[in-house]
Chemist: 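Dropping the structure in here first, questions after.
So you know, we letter chains A, B, ... as the sequences are listed, proteins then strands, and number each from 1.
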Protein chains: 2
Amino acid sequence: MPKQTFFNLPPDKRQRIINVALEEFAARPYSKASLSNIVARAGIAKGSMYQYFEDKKDLYTYLFDLAAQEKLAYIGKMIDPAADFFTAVEQTMLAGMRFNLEHPRLSQVYANAMEPLGEEILHELYIKSKSVALDFLEQMIRRGQQQGSVRLDVDTRLAACWVYSILGTALLDYILDSLGVTIKEMLADPPVARKFTEDRMRGIISEVMKLLRSGLSAKER
Amino acid sequence: MPKQTFFNLPPDKRQRIINVALEEFAARPYSKASLSNIVARAGIAKGSMYQYFEDKKDLYTYLFDLAAQEKLAYIGKMIDPAADFFTAVEQTMLAGMRFNLEHPRLSQVYANAMEPLGEEILHELYIKSKSVALDFLEQMIRRGQQQGSVRLDVDTRLAACWVYSILGTALLDYILDSLGVTIKEMLADPPVARKFTEDRMRGIISEVMKLLRSGLSAKER
DNA sequence: GTATAATGTGACTAAGCAGTCATGTGACCG
DNA sequence: CGGTCACATGACTGCTTAGTCACATTATAC
């Protein structure tokens with residue numbers, strides 16, 4: 001937790017620090033991100049940083065929570081609670097993609113902690129955050145079963161892992177592949193992201209939904 | 001490329017260096033892995049390391065190629081070239097899981113480079129390695145279409161990304177989740193991996209194949 | 001105006017790192 | 001024996017880092 005001093009700061013200064021820190025932690029993995037760099041670019045003294053935060057991890061955790069919170073709020077706002085399972089998944093995908101394009105730094109800071117083999121120090125964040133997401137998805141799938149839109153003979157936990165990997169990996173891989181860029185290039189160059197029209201996004205998502213709904217098999221089940 | 005000196009080394013010494021280095025690079029992300037640590041544990045002088053390898057990246061690249069090569073060979077040996085698409089995917093999954101359990105260090109060194117947001121210096125390895133895998137999977141899917149086992153109306157590249165994410169993320173997530181351990185714990189404690197009987201592995205894979213074949217939809221297509 | 005508390009500061013510490021290099025060792029050859 | 005070559009060594013350089021602390025500045029209270 002940041003110290004009280006941080007919250008006593010004038011909002012514009014506080015925001016400047018947050019922005020610079022987000023940029024640094026988005027650009028480099030945790031252990032390579034440099035506090036010296038952040039304070040220099042934010043125009044404050046090294047010592048001041050330690051008046052605001054306990055240590056490097058404290059600062060990072062604060063930014064991570066911020067990113068997670070904003071992403072969740074963003075997606076939550078876009079999901080129709082009455083929608084059926086497949087519609088809800090589709091809306092989640094669309095909202096997730098939009099969020100990533102609109103808030104590349106936030107989404108990158110969040111993603112940086114989500115590497116299964118990442119820094120020791122972030123492992124707790126990773127574990128907690130993933131299990132929250134999996135629990136949420138599993139619940140959604142269970143509701144889908146109750147509503148009759150999802151088959152009853154699937155392992156709901158496995159299905160949750162599966163949807164999770166689509167949301168987290170497959171979709172991003174495909175988008176980057178079809179844009180012909182790497183994720184680093186895209187983050188470094190926001191205009192690239194704008195090649196991505198709403199139509200294109202919906203097109204890709206409907207393809208993914210097709211796979212999700214019916215799988216790859218040519219045979220009818 | 002390692003220098004000639006490295007290959008002139010007595011095999012046991014060479015192997016000891018490889019083993020210690022694999023352990024280090026498996027345990028820590030690239031930038032945190034320490035050459036000083038490696039040489040100390042391998043019982044050689046710092047300078048000697050630089051008689052064998054150009055620099056840290058050279059050493060890492062060598063280990064990465066080693067891991068990639070072994071993994072490919074292992075999986076290749078287990079795939080029946082005449083099998084249909086779904087069988088081939090199933091065999092790939094099984095072989096991949098077995099390899100991970102039997103060679104945790106190799107698979108971890110390989111996986112460490114496969115993080116999309118990892119170290120700048122490894123990005124080239126990541127890009128190349130992923131595109132090779134995606135091309136391979138896409139080819140497989142195209143053959144599946146020709147054989148009539150895969151629907152013709154799927155975007156093959158997207159399907160490749162999708163299978164890739166299942167092989168890389170979803171499966172591992174589910175396994176770890178169902179064992180109730182993290183990947184770090186599993187790597188640190190090989191006996192845990194042995195909770196994983198052949199039967200259990202096949203059970204999980206057949207569940208995944210069910211999803212892959214027919215998707216989540218309760219409706220018949 | 002003065003006292004007290006809160007906040008700002010940057011030189012400094014201690015540690016770790018990749019990579020270097022002058023020197024040493026030992027094996028083989030003539 | 002002397003000479004040459006491949007290899008071994010670890011103290012050392014130069015750099016970067018997270019975190020500290022004695023002191024300076026500013027804001028608040030009376």
Side-chain angles (χ1 to χ4, degrees), chain A residues 1-18 20-25 27-64 112-113 118-122 125, chain B residues 1-18 20-25 27-64 112-113 118-122 125:
Chain A
M1 276 275 289
K3 301 182 183 174
Q4 186 53 45
T5 317
F6 181 64
F7 298 109
N8 295 342
L9 245 39
D12 58 323
K13 184 172 183 180
R14 197 167 61 226
Q15 197 55 51
R16 199 177 69 236
I17 293 172
I18 291 175
V20 171
L22 278 176
E23 233 167 84
E24 179 73 11
F25 281 109
R28 293 164 184 69
Y30 178 82
S31 64
K32 279 243 174 172
S34 158
L35 281 187
S36 310
N37 204 346
I38 293 172
V39 296
R41 288 201 295 150
I44 60 173
K46 190 83 166 277
S48 297
M49 209 65 191
Y50 286 86
Q51 304 250 32
Y52 309 148
F53 298 93
E54 296 293 339
D55 52 21
K56 188 181 179 180
K57 191 185 176 185
D58 186 35
L59 166 60
Y60 183 80
T61 307
Y62 174 71
L63 297 173
F64 175 84
N112 268 349
E119 325 266 348
E120 189 70 38
I121 206 167
L122 307 178
L125 284 181
Chain B
M1 277 277 291
K3 301 181 182 174
Q4 187 53 46
T5 318
F6 181 64
F7 297 109
N8 296 343
L9 245 40
D12 58 325
K13 185 173 184 179
R14 195 166 64 227
Q15 197 55 51
R16 198 176 69 236
I17 292 170
I18 291 175
V20 171
L22 279 176
E23 233 167 86
E24 180 72 11
F25 281 108
R28 293 165 184 70
Y30 178 82
S31 64
K32 280 246 174 171
S34 158
L35 283 187
S36 310
N37 203 345
I38 292 172
V39 297
R41 288 201 295 151
I44 61 174
K46 190 87 166 272
S48 298
M49 210 64 190
Y50 287 86
Q51 304 250 30
Y52 309 148
F53 298 93
E54 297 293 339
D55 52 22
K56 188 180 178 180
K57 191 185 174 184
D58 187 35
L59 167 61
Y60 183 79
T61 308
Y62 174 71
L63 298 173
F64 176 84
N112 268 350
E119 324 269 346
E120 190 69 37
I121 205 166
L122 306 178
L125 284 180

Chemist: Counting only side-chain N and O atoms of B/Lys56, is one of them less than 4.0 Å from OP1 or OP2 of C/dA18?
Modeler: yes
Chemist: Rounded to the nearest Å, what distance is computed from the OH atom of residue B/Tyr50 to the C1' atom of nucleotide C/dG19?
Modeler: 5 Å
Chemist: So does B/Asn112 get a backbone contact from the side chain of B/Tyr30, meaning a donor-acceptor N/O pair under 3.5 Å?
Modeler: no
Chemist: Starting at NZ of A/Lys3 and ending at P of C/dA6, how long is that distance when rounded to a whole Å?
Modeler: 13 Å
Chemist: Can you name the closest pair of heavy atoms from B/Val20 and B/Ile38 and give their distance?
Modeler: CG1-O, 3.6 Å
Chemist: So what does A/Ser48 hit on the nucleic acid, given a heavy-atom distance under 4.0 Å: a base, only sugar-phosphate, or nothing?
Modeler: base
Chemist: What integer distance in Å separates B/Gln51:CD from C/dA22:C1'?
Modeler: 13 Å
Chemist: What nucleic acid atoms does A/Lys13 come within less than 4.0 Å of, heavy atoms only: base, sugar-phosphate, or nothing?
Modeler: sugar-phosphate
Chemist: Which part of the nucleic acid, if any, lies within reach of A/Phe53 when heavy atoms closer than 4.0 Å are counted: base, sugar-phosphate only, or nothing?
Modeler: nothing
Chemist: To the nearest Å, give me how far apart CD (B/Gln4) and C1' (D/dC5) are.
Modeler: 15 Å
Chemist: How long is the line joining CE of A/Met49 and P of D/dT17, in whole Å?
Modeler: 14 Å
Chemist: Answer yes or no: does a side-chain N or O of B/Ser34 lie under 4.0 Å from OP1 or OP2 of C/dG16?
Modeler: no
Chemist: D/dG19 C1' sits how many Å from A/Leu59 CG, rounded?
Modeler: 14 Å
Chemist: May I ask you to say what A/Ala40 touches in the nucleic acid, namely base, sugar-phosphate or nothing, with a heavy-atom cut-off under 4.0 Å?
Modeler: nothing
Chemist: On the side chain of A/Lys46, is there an atom forming a donor-acceptor pair with the base of C/dA11 - under 3.5 Å, no angle test?
Modeler: no
Chemist: Would you find a donor on one side and an acceptor on the other, under 3.5 Å apart, between the side chain of A/Tyr52 and the backbone of A/Leu59?
Modeler: no
Chemist: Ignoring backbone atoms, test whether B/Tyr52 places a side-chain nitrogen or oxygen under 4.0 Å from the OP1 or OP2 oxygen of D/dA8.
Modeler: yes
Chemist: Which nucleotide in the set D/dG19, D/dT9, C/dG8 lies at the smallest distance from any side-chain heavy atom of A/Leu35?
Modeler: D/dG19
Chemist: Hey, what's the ring geometry for A/Tyr62 with A/Phe6, parallel, tilted or perpendicular (30° and 60° as the breaks)?
Modeler: perpendicular
Chemist: Between P on D/dT26 and CG on A/Asn8, what's the gap in Å once rounded to a whole number?
Modeler: 18 Å
Chemist: Round to the nearest Å and state the distance from B/Tyr60 atom OH to C/dG19 atom C1'.
Modeler: 20 Å
Chemist: Quick check against the 3.5 Å criterion: does A/Lys32 have a side-chain atom that pairs as donor or acceptor with the backbone of A/Ala27?
Modeler: no
